[in-house]
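Proteins come first, then strands; the chains are lettered A, B, ... in the order of their sequence lines, and each starts at number 1. Basis for what follows: all heavy atoms, side chains included, without hydrogens, waters or symmetry-related copies. These numbers come from a predicted model, not from an experiment.
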Amino acid sequence: MKKYNPKEIEPKRQKAWEEDKTFLTTEKMNQEKFFALVEFPYPSGAGLHVGHARPYTAMDVIARKKRMEGRNVLFPIGFDAFGLPTENYAIKTGRPPAEVTAENIVTFTRQLKALGFSFDWSRAVDTTDPKYYKWTQWLFLQFFKQGLAYKKNQPINWCPKDKIGLANEEVVAGCCERCGTAVEKRNKEQWMLAITKYADSLLAGLNEVDYIPQARAQQENWIGRSEGALIRFVIARRAGSHRPDEAIPPLTELPPTELQGIASPRSSARNDMREIEVFTTRPDTIFGATFLAISAELANKWLGIGWQTSAEVQKYITDTLVEQAVNTTREEKEKTGIATGVKAINPANGEEIPVWITNYVLGTVGTGAIMAVPAHDERDWEFAKKYNLPLKEVVLKIIGRPLPNAIRRDGACAVIMKGNKVLVLYTKKFDFFSLPSGGYNPGETPTETIRREIREETGYINFKITDYLGELEKNVFAVGRNENRYRLHKGYLVQLLDEEKVPLQLDGYEDYVSEWVTPEEAIKKLSENPYKYGDEEFVRRALNESDRCFTGDGTAVNSDFLDGLSTPEAKAKIIAWLEEKGVGKRQVNYKLRDWVFSRQRYWGEPIPLVFCENCRNHKYNYVIIHGFGSDSTQGFKPWLKKELEEAGHSVFLPNLPNTNNPSVDEQVDYILKNTQLNEDTILIGHSLGGTVLLKLLEKISTPVAKAVIVDAPIAPRYSDGDRPDVNKSCDWNFDFAKIKKNSREFVVLGDKNFSVIPENQLRELGQLVGSPTRLVQPEGAHFSRGSTREPEVLQAALFAGWIPLPAEQLPLELPQVQKYEPTDTGESPLATMSEWVKTTCPKCGGAARRETDTMPNWAGSSWYWLRYCDPKNDQEFASQGKLVYWLKNKSVILNEAERSEESLKAKQGNDLSVKGSFANAKDDRCGGGVDWYNGGMEHTVLHLLYSRFWNQFLFDCGLVPTREPYKKRTSHGIVLAEDGEKMSKSRGNVINPDDMVDKYGADALRTYIMFMGPFDQAVAWSTNGLVGVRRFLDRVWNLKEHVIARSYSDEATPSFKELIPSEHEGIASPRSSARNDKLTTLLHQTIKKVTEDIDGMRFNTAISALMQLTNEMTKQEAVTSGDYKILIQLLYPFAPHLGEEVWSALGANVTIAYEPWPQYDPALAKAEEFSLVVQINGKVRDTFSVSSDTSEDEAKRLALGSEKIQKWLEGKEPKKIIYVKNKLVSIVI
RNA sequence: GCCCGGAUGGCGGAAUUGGUAGACGCACGGGACUCAAAAUCCCGCGGCCGCAAGGUCAUGAGAGUUCGAUUCUCUCUUCGGGCACCA
């Protein structure tokens, strides 16, 4: 007998897979696909880590099983090779990163192949390969062209000693990772990707996909949506606090992404007013706002430069800013602040409240200003306590759950104190403690009520009310009256003056006895009251123990028209009120920030843009065309005109004729008559003005430079009702071929809320002019109602001087440089290559300079799964037909004609005008994506979010067939070292997969890694455990000698020619044909379990089932080859080399990889007998084996008849007998 | 502080529509084979009482619901992960 020798069979099998192209994948239009994805590795110099083996083996197991189940499996691999370690290595050694990367990839490839993964190596990608990053650059340009990539001043981490910018992960405890110098913040212009515009969509998309809950939760957390309101507080300036000649600077300068759609307070009517705008998630507490707190950073912004202030306040601001710049640690700092002397008016009640500058309000969150409600916000409370600021309670905590049919009965409650003892009442009848309390009698004031109740329930007559303890709302059960109650209780602190008493006057159901106890006891006893809970809260308040800061939902009080409303109701009502008064609005805020997309590094994709001073300075003639029922003074147009003129352009903004009863043709003629259109003209048309713009383009003969169409109709269909005057203003027929020719560039902007123009019409327009519609959140609905400025329109209309490289100039390759360090100024090493930087402008042909920043490491991985679908394509990032095949839910089977058309369309997309074939994709076409994506938890936030963002954007551009990239996402737990610590070179506890393969074999390593513990949990490595698994594989191998000829299932497997080693013939007799013995049952149960467990990633229990089956087979005298083959097939996904070897040893002449997965027979999986458990009072007293078809009566009879049970019953009659089918009989005595 | 997820023998871990707790593997002990060792095979293996049959306690701690709880509810302890002055 030949011993199991993985060292011999594994390389042999790997070679065969490679030579036979076993796992190369092609699109098979008549076969259902399965796209299995693992995160591609970063090829570090350290080589493959066992940590890689866990997720890769898991998906390999799943992929191999799916192949056997008849799916066309795409299981690709590649290398995410841009990154810091290689770059730092290059800086240290001077070796080109590309060279080092190539070497590392060779090592990784060898190691991955040695583990026997069934990757399609022909599809391997390398993000640093210019053939790959050509498309990364191309995709980035789509973002740029859609206005989603912009430049912005952003602070970066700067090491003053090394003179380089640091990534966040290179900053350790505020210091440079390599030299330990304290890191500074420096401002640098950076490219940004506007991921915040997709915040809603990224959140909503989570409903369409199947992600493990933690991944979903983390994504939601990171996006951090909070709903609330923006509220404007007018500053009430005292005379002399403001110099009348002072120019008031603009207030709202936050980027639009952070403050989407805040109506600006700077309408001309309010020019003499300053306002502070706050964001709050609790607008319902506005009546409790006792001060405003603003961040030191934004003090000048909110209060105005030059506002009169003391040196003290100025010093505070400076000190705080310095402190915040230096102190980058995450510890919570003590709250500090200073009163400014400025007062603001609470719009809800007209109260004047002070404005404080504080360190606990951050400039980067919300508006940088808050209304402080100390009674209902812990931070405000802490601050107010420190600075002795007043507190106003406006939300009552509701104690107890709401009860059905509750009757309202308000009242008062007393905490009576004598020295340090508290008086509680005990009722024997109901056995509980309470405080003296009662409902108001008609005409009584609360204090009269409590005086009366104290006299009646305690008899004391000499006492004095010393404090008011506030109110509590309670849902209670009034046990004496037997009814549910809902009450507002006012609490009073009462000091007993002497012991004088009168007789008690108790109601019939009351039997109170007074008891003096310590406050601690009182709290304990009162909290145990099952009916009247909540009294203890008054005791706490009496002791000043309760901090009186309640942040939960409750009932509004002291809030004028909100009184009595629940928190959600109060929120809705106050927002409606604020909106009506024009002092606030509903607002959604996100934690998510835009993505900093620049790195001042060498080893990344160059950003394919050039800066052209000439183009930037070029002056254009703008024509702004207003819409229906409007004129040149309406909405954002005057503002836009002013902005453009200030930038040196000329602007024609006419009042069009018959605006209320318009004719598009008439308006077109009017414009043509009154202004000249030429190649330096930029048209901006809003609403019906956009329609006019299109008709204008139909008529002219020389193309204009650009056309910006803002929320315009191309058909008489509206979201907000019929518009007869608009409908008849135009024939609604457009010659788009001509229109397209007559503008060199188009931008289509739409209101993402589709308040006037419906979604499909907007998208259609974008498609027709060849520039996907950009949906934005305008300042006012439809860019008109209440909007005075629309920055997005301005941005779309301007040329900032950044010009994209045309597609034929891509890839823009990384040039060879002398040194890989960033420069002293913090620019990337590319900036030193003056020959490379100097270039010509693709637009005007003049002198221009290249962008020298590179893309972040996340870029290449943000779309790599798409490239796997078509990795060799040099015309497109992937052909549309292949994307559809691999990514759609049900493979869309395209015929040849359709495929070539799809491909052609996509090719046109290559000229940088986006014209994908999915632009009209409706929801029923959105579903799908990678079928199963497994990766590390460390990537669930950034990589997952970034790649979802890219995919959603590409979907909106019509370039990919699904909105979401991944249908299903799972995560593996990390592999810890044998000592339970993280594996690390410095600890010296790293397990090298090469060593393990060498000693125990790849199959043993793979199977062990799957067996070591639950897949989603962290598990410590154990070499002993690996040895145990190797022993299991040995046993499976040795079973081969046990196999006898002839099997019931051999006929079903035609690839077998001959079975049976001949030396066994005649030794063992073939197993009975009855096929319902124990082994058969176990076999079918095992097929079921392994099948289900692999699908559920319960690999450990699948393997344990295989071990049990193996043990059982080993015990048999002989095993049929049919049974043995099933074992081998079930084990094959885990141990593929062994599987193949045994398979061919059994006589197969083809690979096992595509053999059909075993199916179980439910009838045979069911045991003939089961062991019936008999319990007495829940304790197992007997168990015996009975037939599976035993009836309930029979089972009970058998149970009661058992000798052991009889002994326990001791002649007693059972009270109850419980029967659980095929499980147990439980006897209660 | 907030949000998630855990806690079961000496170890990794099984077991959920509530129904025999400890499957499977490791480690350990005993035995067979062997001149011997390795390998392999067989047996045992949570604590306590008991020669045994059996009993009894036991799933982080405490309470509760139930004939019956690792599983459901509440409180607490503790470990891991994420976020963190997010208004």
Asker: In terms of side-chain heavy atoms of N359(A), which of C85(B), G19(B), A23(B) is nearest?
Answerer: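 The answer is C85(B).
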Asker: Taking for each residue the nucleotide of RNA chain B with the nearest heavy atom, is it V1180(A) or S1022(A) whose nucleotide lies nearer the 5' end?
Answerer: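 By nearest-heavy-atom nucleotide position, the 5'-most residue is V1180(A).
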Asker: Taking the inter-plane angle between the rings of Y1008(A) and W1021(A) on a 0 to 90° scale, is it parallel (under 30°), tilted (30 to 60°) or perpendicular (over 60°)?
Answerer: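 Taking W1021(A) first and then Y1008(A), their aromatic rings stand perpendicular (interplane angle over 60°).
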Asker: So does R1030(A) get a side-chain nitrogen or oxygen closer than 4.0 Å to the phosphate oxygens (OP1/OP2) of A39(B)?
Answerer: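 The answer is no; no side-chain N or O of R1030(A) sits under 4.0 Å from OP1 or OP2.
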Asker: Looking at C4(B), C67(B), A87(B), which one has an atom nearest to any side-chain atom of Q1175(A)?
Answerer: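 Nearest to the side chain of Q1175(A) among the choices is C67(B).
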Asker: Can we say K1088(A) and E1092(A) salt-bridge, meaning some charged N sits less than 4.0 Å from an Asp/Glu carboxylate O?
Answerer: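 The answer is yes: the pair qualifies as a salt bridge.
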Asker: Do we see a donor-acceptor contact under 3.5 Å between the side chains of T196(A) and D594(A)?
Answerer: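 Present: a donor and an acceptor within the cut-off.
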Asker: Hey, can you tell me if Y387(A) and F383(A) have their rings parallel, tilted or perpendicular (30° and 60° cut-offs)?
Answerer: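 The rings of Y387(A) and F383(A) sit tilted, inter-plane angle from 30° to 60°.
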Asker: Any strand is fair game: report the nucleotide pairing with G68(B) by Watson-Crick or G-U wobble, both distances under 3.5 Å, or none.
Answerer: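 Checking every strand shown, G68(B) finds no partner, since no pair has both distances under 3.5 Å.
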Asker: Looking at C26(B), A14(B), C83(B), which one has an atom nearest to any side-chain atom of K591(A)?
Answerer: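 Taking heavy atoms from C-beta onward, the closest nucleotide is C83(B).
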Asker: For F1011(A), check ring pair (Phe, Tyr, Trp, His ring centres under 6.0 Å) against everything at least two apart and list the hits.
Answerer: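 Ring pair (Phe, Tyr, Trp, His ring centres under 6.0 Å) check on F1011(A) returns nothing, list empty.
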Asker: Could you identify the nucleotide paired to G44(B), looking across every strand shown and requiring Watson-Crick or G-U wobble geometry with both distances under 3.5 Å?
Answerer: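 With both distances under 3.5 Å, G44(B) matches C28(B).
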Asker: Does C85(B) have OP1 or OP2 under 4.0 Å away from a side-chain N or O of K335(A)?
Answerer: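 Result: no.
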Asker: Kindly label the base of G30(B) as syn or anti, based on whether its glycosidic torsion lies within 90° of 0.
Answerer: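 Glycosidic conformation of G30(B): anti.
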Asker: Counting just side-chain N and O atoms, does N1100(A) come under 4.0 Å of either OP1 or OP2 of A14(B)?
Answerer: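 The answer is yes; a side-chain N or O of N1100(A) sits under 4.0 Å from OP1 or OP2.
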Asker: Which nucleotide, G19(B), A87(B), A23(B), lies nearest any side-chain atom of S1104(A)?
Answerer: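 That would be A23(B).
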Asker: Students often mix this up, so state it plainly: with edges at 30° and 60°, are the rings of H972(A) and F1015(A) parallel, tilted or perpendicular?
Answerer: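 Rings of H972(A) and F1015(A): tilted, as their planes differ by 30° to 60°.
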Asker: Assign P1014(A) to base, sugar-phosphate, or nothing according to its heavy-atom contacts below 4.0 angstrom with the strands shown.
Answerer: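 Since only primed, P, OP1 and OP2 atoms lie under 4.0 Å of P1014(A), the category is sugar-phosphate.
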Asker: Checking all strands, does R216(A) fall into the base, sugar-phosphate, or nothing category for heavy-atom contacts under 4.0 angstrom?
Answerer: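 No contact.
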Asker: If you assign G1013(A) and W1208(A) each to the RNA chain B nucleotide with the nearest heavy atom, which residue ends up on the more 5' nucleotide?
Answerer: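 Looking at RNA chain B, the more 5' nearest nucleotide goes with G1013(A).
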Asker: Under 4.0 Å, heavy atom to any atom of RNA chain B: which of residues 279-292 of chain A qualify?
Answerer: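 Those residues are F279(A), T280(A), T281(A).
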Asker: I want to verify a distance call: between C85(B), G25(B), G19(B), whose nearest atom is closest to the N1111(A) side chain?
Answerer: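 The closest nucleotide is G25(B).
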Asker: Nearest to the side chain of V1019(A), which nucleotide is it out of G12(B), G19(B), A87(B)?
Answerer: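 That would be G12(B).
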Asker: Can a cation-pi geometry be assigned to K335(A) and Y360(A), taking NZ or CZ under 6.0 Å from the six-membered ring centre and within 45° of the ring axis?
Answerer: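 Yes.
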